[in-house]
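Okay, so here's the structure we're looking at.
In the text below, chain A, chain B and the rest are named by the order of the sequence lines, each starting its count at 1. These numbers were taken from a predicted model, which means no experiment stands behind them.
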2 protein chains.
Amino acid sequence: MDAQLKILDIHEVPLVCRGCDARHNGVCSTLTPHQLTELNKHSQRKAVEAGTELIGQGQQVHSYSNILKGVVKLSKIMADGRQQIVGLQFAPDFMGRPFHGESLMAAEAATDTELCVLPRKILERMISESSELGSRLHNQALTELDEARDWMLTLGRKSAREKVASLLVLVAAHADPDRLGDCAFELPLSRADIADFLGLTIETVSRQMTKLRKDGLIHIENNRQVYVPDLDKLAVTAGGD
Amino acid sequence: MDAQLKILDIHEVPLVCRGCDARHNGVCSTLTPHQLTELNKHSQRKAVEAGTELIGQGQQVHSYSNILKGVVKLSKIMADGRQQIVGLQFAPDFMGRPFHGESLMAAEAATDTELCVLPRKILERMISESSELGSRLHNQALTELDEARDWMLTLGRKSAREKVASLLVLVAAHADPDRLGDCAFELPLSRADIADFLGLTIETVSRQMTKLRKDGLIHIENNRQVYVPDLDKLAVTAGGD
DNA sequence: TAGCGACTTTGACTTGAATCAAGCATGAGA
DNA sequence: TCTCATGCTTGATTCAAGTCAAAGTCGCTA
């Protein structure tokens, strides 16, 4: 938790990106200069290392964040300890939910992560002032809903092999959105995290990774570095579509 | 598809309920009289029987609907026919999604259903005029996101017995939200639908229902009529919490 | 009221993923 | 350089859920 704090120029970061249709070059905000000044005054840059808990399940949420760098995992935990990762937030996503004060899940940094923390009250006032900002957040919520439902199909109906392939395709898409054909990236998740995301055990994940490797669909180095020679082929073994 | 159409008084129906905090007595709308008149002129009442397809996967969506009566299932289908139900909409839910034109899943009436169909363009104009309406829809999206993520935990980490119990608890909650202790309701889903919602096969669903019955947790009549003597006990076997 | 069809249950068997249990790397610290 | 911890892989075995097959139930229509 060695948080290094400093005032951030809000111009440098996108505010709500996942829900926007267009690609942005690091700027997504449509705030007024006055609003920007205010956010600059009150928002804080925060760097945390992998494994840091950002929000505990059932905890009250007093702030929203832009993820500047890294990957955050959202997970639900049952009373007996069983865990399911229910979403991944990649930079430059916005994290948090207006109107919903209490968190129904935990948020934890999957990798070393940098955040821009925005105070809840100020942001909510800006939402009520700007319908553009509100509709962007609405849009992001709908996008996340689509993604959650896609993942429900993966969890409910796919085999272990298809699940692992689906995860690799998902990460590849975020690492290099426009890349066709081959693609290389670093896995932001441990085997244990992958298992919790796919509803599998560590052992099964490991076995399926090995099989995909032996089938020539992926190459792995140092457990985390993945190279996919043919992304289409991998997508097909992920269940097509 | 024997749709019977007639002009509906929009005052009679709630517009967006799931996302609202308060309970409403059948009226949820905050539209102006002028907006109500316009909706009255353009919205249509539609009655369909169980099994009717409302929106096909990949189809363009030109209207939104309020569900007046019945249950609608939302599902994703893979190329090889595997299916996953990714959400249930109970009356008086609003169905549809602003800004997202194309449907990424199919919607089908699970029971005999009555809808109030609102033209897309008119509703979207009203959303842009009324921030209250927009924020209610935003709220509903967030609620659905929470529900989808809860279900991801069910799909990924629960046993067949827990899954079936979870479904029964879910339906019970919608049938009779305030009921404590015991509770009776009619299942809006066939065994096949339940299997598709839980990521199981029909046979497994049937076996688990039988076990729950033999364990005294539920009573079943005519396959669809369910009586739960102790809802808390059922919730515990659904995985607690 | 017999017969058909759709839906559900039940049984026997198979299988994919979980569990249990060693081993293998890699990196940090002594 | 050795040890220890952590994370990953691999193998043997078990078990929960899937598959295949048959029979039961109900409502509908002729």
Side-chain angles (χ1 to χ4, degrees), chain A residues 49-51 73 78 80-84 110-112 154-168 186-215 218-226 237 239, chain B residues 49-52 73 78 80-84 108 110-112 154-168 186-215 218-226 237 239:
Chain A
E49 56 187 14
K73 57 189 205 211
M78 290 173 67
D80 61 5
R82 278 177 287 177
Q83 192 174 13
Q84 175 68 47
T111 64
D112 291 349
T154 299
L155 289 171
R157 289 300 182 201
K158 291 189 186 174
S159 67
R161 180 186 173 89
E162 290 171 322
K163 285 180 176 180
V164 172
S166 298
L167 175 91
L168 293 170
E186 181 170 354
L187 267 182
L189 301 176
S190 67
R191 298 293 185 271
D193 283 339
I194 295 173
D196 280 342
F197 196 27
L198 297 172
L200 298 171
T201 58
I202 311 177
E203 293 94 326
T204 300
V205 170
S206 177
R207 277 185 248 274
Q208 297 301 331
M209 296 273 271
T210 305
K211 269 193 199 159
L212 291 175
R213 189 161 46 71
K214 286 187 178 161
D215 293 349
I218 57 173
H219 298 223
I220 305 179
E221 238 166 85
N222 297 330
N223 291 334
R224 295 281 190 131
Q225 284 297 333
V226 179
T237 80
Chain B
E49 55 187 15
T52 307
K73 58 190 204 211
M78 290 172 67
D80 60 5
R82 279 177 287 177
Q83 192 175 16
Q84 175 69 46
E108 185 184 322
T111 64
D112 291 349
T154 299
L155 289 172
R157 288 300 183 201
K158 291 188 186 175
S159 68
R161 181 186 173 88
E162 289 171 322
K163 284 181 176 180
V164 172
S166 297
L167 175 91
L168 293 169
E186 181 171 351
L187 267 183
L189 301 176
S190 68
R191 298 292 185 271
D193 284 338
I194 296 174
D196 280 341
F197 196 27
L198 296 172
L200 299 171
T201 59
I202 312 177
E203 294 94 326
T204 301
V205 171
S206 178
R207 279 185 247 273
Q208 296 302 330
M209 296 273 271
T210 305
K211 269 194 199 158
L212 291 174
R213 190 162 46 70
K214 286 189 177 160
D215 293 349
I218 56 173
H219 299 222
I220 305 180
E221 241 166 84
N222 297 331
N223 289 336
R224 295 280 191 130
Q225 284 298 333
V226 179
T237 81

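- DNA chain C is contacted by both A:E203 and A:A160; A:A160 maps to the nucleotide lying nearer its 5′ end (nearest heavy atom per residue).
- Side-chain N/O atoms of B:T210 include one lying less than 4.0 angstrom from OP1 or OP2 on C:dT10.
- A sub-4.0 Å separation between OP1 or OP2 of D:dG7 and a side-chain N or O of A:S190 is absent.
- For A:R191, a side-chain nitrogen or oxygen approaches OP1 or OP2 of D:dT9 to under 4.0 Å.
- At a cut-off of 3.5 angstrom, counting only N and O atoms as typed in the model, there is a donor on one side and an acceptor on the other between the side-chain of A:R207 and the base of C:dT19.
- Applying the 4.0 Å criterion to OP1 and OP2 of C:dT10, one finds that B:S206 has every side-chain N and O outside that range.
- Going from atom NZ of A:K211 over to atom P of C:dG16 covers 8 Å, rounded to whole Å.
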Open item on the list: Would B:Q208 and B:K163 count as a side chain to side chain contact (heavy atoms under 4.5 Å, CB included) here? Give the steps.
Closed with: CA-CA 9 Å; B:Q208 296 302 330; B:K163 284 181 176 180; over 6 Å; no
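- Heavy atoms of B:G51 sit nowhere under 4.0 angstrom from any nucleic acid atom.
- Judged purely by atom type and a 3.5 angstrom limit, A:D112 uses its side chain to pair as donor or acceptor with the backbone of A:A50.
- Listed candidates were C:dA18, D:dT10, C:dT8. Nearest to the side chain of A:T204 is C:dA18.
- Scanning both residues, B:R191 and B:I202, for their nearest heavy atoms gives CB-CG2, 3.8 Å.
- Side-chain proximity of A:R224 to the nucleotides D:dC8, C:dT10, C:dA21 is greatest for D:dC8.
- In this model, the phosphate group of D:dG18 is approached by a side-chain N or O of B:T201 to a distance below 4.0 Å at OP1 or OP2.
- Atom CZ of B:R157 and atom C1' of C:dA18 are 11 Å apart (whole Å).
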